[in-house]
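Order of the sequence lines fixes the chain letters, A, B, ..., with proteins taken first and strands second; residue numbering starts at 1 for each chain.
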Amino acid sequence: MFQLQLLLSILTLSFAAQSYSSTSQFSILQSNHHPKSNLLSISVTEFGAAGDGVKYDTIPIQKAIDACSTIVSKHRCPCHVIFPPGKYLTATVFVKSGVVLDIHQKATILGGSKLEDYPKEQSRWYVVLAEDAVDVGIIGGGEINGQGLKFVERFDDKKNVMVSWNHTGACLGDECRPRLVGFISCRNIKVSDVRLIEPAYWCLHVVRSDKTSICDVTIYGNFNSPNNDGIDIEDSNNTVITRCNINTGDDAICPKSSNGPVYNLTATDSWIRTKSSAIKLGSASFYTFKNFLFDNITIVESHRGLALQIRDGGNVSDMIFSNINISTRYYHPSWWGRAEPIYVTTCPRDASSKAGSISNLLFVNITATSENGIFLSGSGGGVLSNLKFLNMNLTYKRWTKFPDGLVDYRPGCQELVKHQPAGFMMEHIDGLVVEDVVMKWSSDESMRWNNPLDFRPSTRQLLYGCLSCNGSLSEALFEMAKQGLQVKFKEYDILLNECITQRAIREGQRVHANMIKTHYQPPVYLRTRLIVFYIKCGLLGDARWVFDEMPQRNVVSWTALISGYSQKGHISQAIHLFLQMLTSGTAPNEFTFATVLTLCTSAIGFQFGRQIHCLLVKSPFESHVYVGSSLLDMYAKAGKVHEARYVFENLPERDVVSCTAIISGYAQQGLFEEALELFCKFQAERMSFNYVTYTSVLTALSGLAAVEQGRQLHAHIIRLELPFYAVLHNSLIDMYSKCGKFTYSRMIFNQMSERTVSSWNAMLVGYSKHGMGKEVVELFKMMREEDKIKPDEITLLAVLSGCSHGGMEDKGVEIFNDLSSGKDRVEVSIEHCGCVVDLLSRSGQVERAFQFIKEMPFEPTAAILGSLLGACWAHLYVDIGEIVARQLLEIEPENAGTYVILSNMYASAGRWEDARRVRELIKARAMVKESGKSWIGPDFIHDTEKHNGMRTYIPHQSLLNMDEQRKKKTLLHCSQGRAQTQLSLMIYSHGNYW
DNA sequence: CTAGGGTTAG
C-alpha cells in the first residue's frame with residue numbers, strides 16, 4: 001500500500017517537472033539576462049518601466065506582459081518578460097498564458113502599499129496574479145517583495161500587544177492585505193529560483209490549479225506578522241515542492257481543501273522555520289487530502305512540526321513523512337502550536353462542524369528535539385486509523401520559558417485541556433504500529449515526564465477492548481445483550497462513558513435497561529454515571545428518577561443533579577435540592593459550592609448567597625479558584641464590587657475564569673475604566689485570556705466608546721484565529737455600533753454564520769442610538785423576513801426607540817402592534833409603553849397617546865406623563881394637557897416643571913388668566929427642588945439583619961478581614977442564637993465543618 | 001464521576 005503510494009508520488013514528481021518543457025517545443029530560449037532575441041523575451045523597460053522603486057510601474061509591466069502574450073499566441077512558444085536590475089513598484093500585474101516573469105538577480109518587484117491601485121475584488125489582491133492560464137512561470141533569481149510591514153499589524157512579544165495597524169477603511173483586518181503571488185485555475189506552473197520576501201498576507205498561493213512545480217524558492221516573512229503563510233496549495237493537484245527554504249511567521253506549507261480535494265502533493269529537500277506549523281493540513285478544509293509525500297525536510301525552531309488539524313470534515317489518507325528532522329519550541333501561546341513535533345487531530349472546530357477522518361499515515365526516519373510530546377487525538381466521530389511510526393528518535397527537553405506548556409491546544413474540541421505532557425499522547429486511535437522508537441528525556445527535573453505513553457480512556461478501550469471491538473457502541477451493546485448477567489461494573493462503566501461522550505440516548509437507555517433486566521444492583525458510582533448520562537442527554541426527569549431510587553447517595557450524585565437543575569434554569573428546585581442535601585448530612589465539596597453559588601446571581605438569590613458564603617467560611621473551600629470565581633461573581637452581580645474584589649484579591653491562585661469574572665464584574669456594573677485597568681494589569685502579568693475575557697473587555701470598551709482600543713483588540717482577536725463564538729461577535733458588533741462604526745459592525749454582522757437575538761439587538765440598538773430610524777426599520781424587516789430568530793423585549797425596545805428618534809413614528813406603532821400580539825408575541829413592559837406614548841406624541845397623535853395610556857396595563861410613570869404633557873403643549877391639546885398635568889402633580893406634587901409647562905400651555909392658548917393663576921401657585925408654594933437624602937451604610941450589614949421575620953447571619957466586612965481563629969469564634973458566637981432559617985441552622989449547628 | 005467567568009436594554 002505504502003510502496004504504491006510512494007511510487008505514485010515519484011511519478012507525479014517527474015511528470016510535473018517535465019510538463020513545462022513538453023509544451024514548450026518551440027523554445028529556443030536565450031540566456032535570461034542578455035536576451036539577444038526580442039521575439040521571445042521582452043524587457044519591461046521597453047514599455048517605460050522606471051524601476052526606481054518610487055514610481056508605479058504597474059502599467060508598463062502589464063503592457064510588457066500583454067505584448068508577450070501576443071507573441072505567445074502568434075508564435076505558439078513561451079515568452080519571457082525580463083526585469084533588468086532595479087526596483088519595480090507595482091500593484092497587481094496579471095500574468096497570461098505562456099508568459100514567464102524572468103526577474104534578474106538584482107531586480108525586485110515591489111508590492112505597492114496603496115490598496116486603491118489593486119483590483120476592485122479583494123479576492124484578486126495579489127502582487128503577481130495568473131488566472132485561467134497555462135504554462136506560466138516566475139524564474140530568474142530575483143525577488144518579489146510584498147512590503148508586508150507596511151500593511152500588517154505585528155505582534156509585539158515583549159509588550160504582548162499588536163502594533164502598527166494599517167487599513168484603508170474599505171476593509172477590515174485580514175482583508176486589507178494583498179497576497180504576494182497567486183495562481184488561480186492554472187495549469188503547468190513553474191516557480192523556480194526566486195525569492196519571495198515579506199508578504200503582507202499569504203505568500204505563494206496556488207488555487208484550483210494542476211501540475212505545479214515550485215523549486216529553489218526562498219521565502220522570507222517577518223516572524224511576527226500574522227497570516228504570512230509560505231506556500232498554500234488550495235484545491236490543487238499534482239504539486240511538487242523541492243529545494244525550498246521557508247522562514248516565515250505562519251504556516252510554511254499549507255495544503256487547503258476549501259472547495260475541492262487536494263491530491264498528489266510532494267515536498268522534498270526543504271528547510272523550514274516558522275512560528276506556526278511547518279507543514280499544516282486542514283486549515284478550513286472540507287474535502288479529501290490524498291497521496292502526499294514529505295521527504296528530507298528539516299524543520300527548525302517551529303511552534304509545531306507536522307500538523308494534521310482536520311477540524312472541518314474531509315478525509316485524509318495515504319501520507320508519508322520520511323527523513324524529517326524537527327525541532328519545536330514554545331513561542332507566545334497566542335500563536336498556533338504548542339511545540340509538538342507531530343500533531344494529528346480530528347477534533348471538530350465547533351459543535352456544528354463535521355468530524356473528518358485520518359487514515360494510513362506513515363512516519364519513518366524521524367528525528368525530533370522538542371519541548372512537548374507527540375499529540376495524536378481523534379474524536380468521537382473521527383477516529384485516527386492505521387498510524388505507523390517507524391524508526392524515530394525523539395528527544396524531549398525544554399529550553400524556553402513560555403508558559404502553558406502543560407496544556408494542549410484543541411480549539412473547539414474541548415477548549416484547552418490540561419494534562420501532563422507525554423512522549424505520545426493518544427486518544428481515539430484505531431490501529432497503531434510503533435517500531436524502533438527511541439524517546440529520551442533531558443535531565444531537567446522541571447519536565448517530570450514520567451509517562452512516555454499516555455493512552456486516554458477512549459484509546460484504551462479501542463486498544464485493549466473490554467466488551468467493545470473497534471470501539472463501536474452498537475457492537476458493544478450486542479455483546480452486552482449476549483453476556484446479559486455476566487456484565488459487571490467495568491463493562492457498564494465503559495459503556496456508560498461512551499454513551500455520555502456520544503450523547504447516545506437510545507444506547508444508554510439500553511444499558512440502563514440491561515441493569516434492570518438482570519437485577520444488577522449498580523453501586524453509587526454507576527448510578528451517578530446514569531444521572532450524568534440522563535442530564536447530558538437533557539432528560540432531567542429520568543436523572544431524578546435514578547436519583548430518587550438510590551439507596552445511598554454521595555456528594556457527587558447530589559452535585560450532579562443540582563448542576564442538572566441549574567443548567568436547565570430550574571433555580572428553586574436546585575436550591576431546594578441543596579438544602580435537602582445539607583439536611584441529609586452530606587457535606588458539600590468544592591464542586592457543589594461552585595455550582596450552588598451560581599444559583600445566587602439573581603437578586604432573589606443574593607441573601608441565600610451570603611449564607612452560602614457563611615457556610616463556605618467554615619469549609620476548606622473558601623479559597624478554591626472555581627468556588628472563588630463563583631463567589632466573586634455572585635457579589636459582583638449583586639452590585640457589590642468591593643466585596644467581589646476582596647474575594648478575588650484573596651484567592652491564592654488566579655486563572656482565566658476568575659480574572660474574567662472580576663473584569664466582567666466591573667464592566668457589568670458600568671465601571672468600565674476599572675475593568676480595563678484590571679485587564680491591562682493581567683496582560684502585563686502575562687495572564688492568558690480566552691474569548692470570554694475579550695467579550696467582557698469589549699463591553700467595557702463599548703461603554704467608553706473607545707473605538708481605537710476596540711479596533712486594536714479586534715485585530716488581536718483576529719490574530720488568535722479563535723473558533724466562532726457568537727457572543728464574541730455580538731460584543732464586537734455592539735462595540736462598533738455604539739461608536740457609530742456601522743461599516744464594521746454590519747460587516748461582522750453580515751458575515752456571522754449563525755446569529756443570536758443579541759446579534760440583531762446589538763445592531764438595532766446601534767442604529768437606534770444614532771437616530772437611524774430607516775436602518776432600524778429595514779434591519780427589523782430583514783429579521784422578520786428571515787424568520788429564524790424570534791425578537792425579544794430588547795428588540796422591540798430598540799426598534800421603538802429607534803423609530804421614535806429616527807422620524808419613523810408610524811412604522812414604530814405598526815411594529816408595536818405586530819409584536820404585542822400574534823405568534824411571536826413579546827412581553828410588553830412599561831418601557832415599551834413609554835416608547836409608544838413617545839411615538840404617538842411626536843407624531844401629534846395626542847388623543848391616541850392619551851387613550852393608549854388609559855388602556856395600557858401599567859400605571860403611567862412621571863416620565864410618560866411628562867412626555868405627553870409636552871406634546872399637549874406643542875400641539876395645543878389644552879383639555880388633555882390639564883388632565884395629564886393633574887395626574888402628574890399627583891405623582892410629583894413638588895415638580896415645578898409641570899406647573900411651568902401648564903402655564904405656558906395656557907399662555908399659548910391665550911388663556912392668560914389661567915396662566916397667571918398657575919404662576920401664582922408656583923410662587924405661593926415656594927417650590928424649591930428638595931435635595932436628595934439617603935442613608936449610606938456599610939455594604940456588609942453588621943451582625944444580623946431581619947429577613948422575612950427570621951434572623952439570618954450575614955458575613956460582614958470585619959469577618960472577611962479576620963484571621964481564622966477569630967472568624968471561628970465569631971461564627972460560634974453567632975451560632976448561639978438558634979432561631980435561624982433552615983439553612984442557618986445547618987451552618988451553625990455543628991462546631992466544625994462536618 | 002460532579003464545578004466557575006460571557007453578548008444586546010434600562
Checklist entry - Dot-bracket for DNA chain B: what is it, with Watson-Crick or G-U pairs under 3.5 Å, [ ] where a pair crosses earlier ones, and | for a pair to another strand? => result ..........

Checklist entry - Who are the side-chain contact (heavy atoms from CB on, under 4.5 Å) partners of A/Tyr525, not counting sequence neighbours? => result A/Phe489, A/Asp493, A/Arg529

Next on the checklist: Looking at the base of B/dG4, is there any donor atom on it, or on the side chain of A/Asp655, that sits under 3.5 Å from an acceptor on the other one?
Outcome noted: yes

Checklist entry - What does A/Ser758 touch in the nucleic acid at a heavy-atom separation under 4.0 angstrom: a base, only the sugar-phosphate, or nothing? => result base

Next on the checklist: Base, sugar-phosphate or nothing for A/Ser629? Non-hydrogen atoms, less than 4.0 Å.
Outcome noted: base

Checklist entry - Does the side chain of A/Lys738 get closer than 4.0 angstrom to OP1 or OP2 of B/dT7 through an N or O atom? => result no

Checklist entry - Residues two or more places apart in sequence or in another chain: which of them pass salt bridge (Lys or Arg N to Asp or Glu O under 4.0 Å) with A/Asp655? => result none

Item to check | Closest to side chain of A/Ser696, choosing from B/dT2, B/dG6, B/dC1 | outcome: B/dG6

Checklist outcome for this item: Out of B/dG10, B/dG5, B/dG4, minimum distance to the side chain of A/Lys769 belongs to B/dG10

Under 3.5 Å, sequence neighbours excluded: what are the donor-acceptor pairs made by side chains of residues 561-572 of chain A?
unit_1: A/Ser563; atom_1: OG; unit_2: A/Gln567; atom_2: NE2; d: 2.8
unit_1: A/Tyr565; atom_1: OH; unit_2: A/Arg544; atom_2: NH1; d: 3.1

Item to check | Test salt bridge (Lys or Arg N to Asp or Glu O under 4.0 Å) applied to A/Lys769 - qualifying residues, sequence neighbours left out | outcome: none

Next on the checklist: On the nucleotide B/dT7, are OP1 or OP2 found under 4.0 Å from the side-chain N or O atoms that A/Gln668 carries?
Outcome noted: yes

Checklist entry - By side chain to side chain donor-acceptor pair (under 3.5 Å), which residues pair with A/His512, not counting sequence neighbours? => result A/Tyr534

Next on the checklist: So A/Thr528, base contact, sugar-phosphate only, or nothing? Heavy-atom distance under 4.0 Å.
Outcome noted: base

Item to check | Test: A/Arg755 and A/Glu786 ion pair at under 4.0 Å | outcome: yes

Checklist entry - Got a donor-acceptor pair under 3.5 Å from the side chain of A/Thr695 to the base of B/dG6? => result no

Item to check | Check: B/dG6 base within 3.5 Å donor-acceptor of A/Tyr725 side chain | outcome: no

Checklist entry - Contact class for A/Thr693 (heavy atom, under 4.0 Å): base, sugar-phosphate, or nothing? => result base

